[in-house]
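Since we're looking at a predicted model, the values are computed, not measured.
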Amino acid sequence: MIVLASASPARLALLRNAGLDPKVIVSGVDEDAYTAYSPAALALELARAKARAVAADLDEGLVIGCDSILELDGRPYGKPGTPEETLKRWRMMRGRTGRLVTGHCVIDVAAGKEAAETGTTVIRFGRPTDAELEAYIDSGEPLQLAGGFSIEGKGGWFVEGIEGDHGNVLGISLPLTRALFEELGHSVTGYWR
């Protein structure tokens, strides 16, 4: 049994499209309660916290926890939450390059083992006009997304390019998750439906 400790529709869709059929159990972890010395450390800590919270209530299965954070100028940016914060953030990101860091944690509940790592993808943001940003914000899409953007939705119009794993930007790197499965002694192909 594979369990995704996340409410992210993008993560779930990516895993389903790649052959898995995970059960979704949202962790309920308060992301604002965590701090760390770097955006990557914070993403990893949150991924671990989410996976551990869900694994604590299970007897078996592989639990996948992830958390994505945009790093710009060495500072972490999670979900903007409000239209005002989203506009402020996009004005800051416009025409710049950032790094989308996703923490990944896989827990083998029955064995009591865990493997965790971060993946990083470089994002080159375009220069959307204020009118375009207002339309994007009015769509509601960026408010609950790490960094306030997507590449698979309307936000894709405003991202000029990425360097690295595109799945990482969607919230979960398939190659990295496969490596974590292997570290725990599991082959991802054994879980394909």
Would you name the heavy atoms of [X] and [Y] that are closest together and state the gap between them?
X    : Y    : value
P39  : P76  : CG-N, 3.8 Å
P142 : G148 : CB-O, 3.0 Å
A43  : I69  : N-CD1, 3.6 Å
T97  : L72  : O-CD1, 3.4 Å
G153 : S150 : N-OG, 3.3 Å
G119 : N168 : O-ND2, 3.1 Å

So, do [X] and [Y] sit near enough that their side-chain heavy atoms are less than 4.5 Å apart?
X    : Y    : result
I123 : M93  : no
D21  : I2   : no
T177 : I172 : yes
V26  : V24  : yes
D165 : L176 : no
L184 : I107 : no
R75  : S38  : no

Checklist entry - Quick one: ring-ring contact (aromatic ring centres under 6.0 Å, His included) pairs with a partner in residues 21-58, sequence neighbours left out? => result none

Taking a hydrophobic cluster as the set of Ile, Leu, Val, Met, Phe, Trp and Tyr residues connected by side-chain heavy atoms closer than 4.5 Å, whether directly or through intermediates, do [X] and [Y] fall within one such cluster?
X    : Y    : value
I25  : Y191 : no
V122 : I151 : no
V169 : L14  : yes
L70  : L170 : yes
L44  : L100 : no

Could you check whether any side-chain N or O of [X] sits under 3.5 Å from a backbone N or O of [Y], counting only pairs where one atom can act as donor and the other as acceptor?
X    : Y    : result
T120 : V101 : no
H104 : S173 : yes
E141 : G155 : yes
E132 : T129 : yes

Checklist entry - Is the F149-F158 ring centre distance short of 6.0 angstrom? => result no

Checklist entry - So W90 and F125, ring pair (Phe, Tyr, Trp, His ring centres under 6.0 Å) or not? Walk me through it. => result CA-CA 9 Å; W90 261 101; F125 295 104; 5.5 Å; yes

I'd like to know if [X] and [Y] make a salt bridge, using a cut-off of under 4.0 Å between side-chain N and carboxylate O.
X    : Y    : value
E182 : R178 : yes
K88  : E84  : no
R52  : E114 : yes
D32  : K79  : no

Item to check | Trace of the salt bridge (Lys or Arg N to Asp or Glu O under 4.0 Å) decision for R127 with E160 | outcome: CA-CA 9 Å; R127 296 180 181 275; E160 290 187 353; over 6 Å; no

Checklist entry - Please walk me through it: do T121 and E163 pass side chain to side chain contact (heavy atoms under 4.5 Å, CB included)? => result CA-CA 6 Å; T121 304; E163 295 168 28; 5.8 Å; no

Next on the checklist: Please evaluate residues R99 and E71 with respect to the criterion salt bridge (Lys or Arg N to Asp or Glu O under 4.0 Å), reporting the C-alpha separation (whole Å), side-chain torsions for both, the decisive distance (0.1 Å), and the verdict.
Outcome noted: CA-CA 5 Å; R99 297 168 10 116; E71 178 182 338; 3.3 Å; yes

Please table the atom pairs, donor to acceptor, closer than 3.5 Å between any side-chain atom in residues 53-67 and protein atoms at least two apart or in another chain.
residue, atom, partner, partner atom, Å
D67, OD1, K50, NZ, 2.7

Checklist outcome for this item: Separation between CG (L180) and CD (E117), nearest 0.5 Å, reads 7.5 Å

Checklist entry - In Å, rounded to the nearest 0.5 Å, how long is the span from NZ of K154 to CD1 of I137? => result 13.0 Å

Item to check | Worked verdict on V106 versus H186 for side chain to side chain contact (heavy atoms under 4.5 Å, CB included) | outcome: CA-CA 11 Å; V106 178; H186 297 272; over 6 Å; no

Next on the checklist: As a quick check of understanding, evaluate side-chain hydrogen bond (donor to acceptor under 3.5 Å, both in side chains) for S187 and T189, giving each step before the final call.
Outcome noted: CA-CA 5 Å; S187 171; T189 60; 2.8 Å; yes

Item to check | Criterion side chain to side chain contact (heavy atoms under 4.5 Å, CB included) on D130 and R91, from CA distance to verdict | outcome: CA-CA 8 Å; D130 280 355; R91 284 177 171 163; 3.0 Å; yes

Item to check | Residue pair M92, Y77: steps toward the side chain to side chain contact (heavy atoms under 4.5 Å, CB included) verdict | outcome: CA-CA 11 Å; M92 180 180 60; Y77 294 94; 3.5 Å; yes

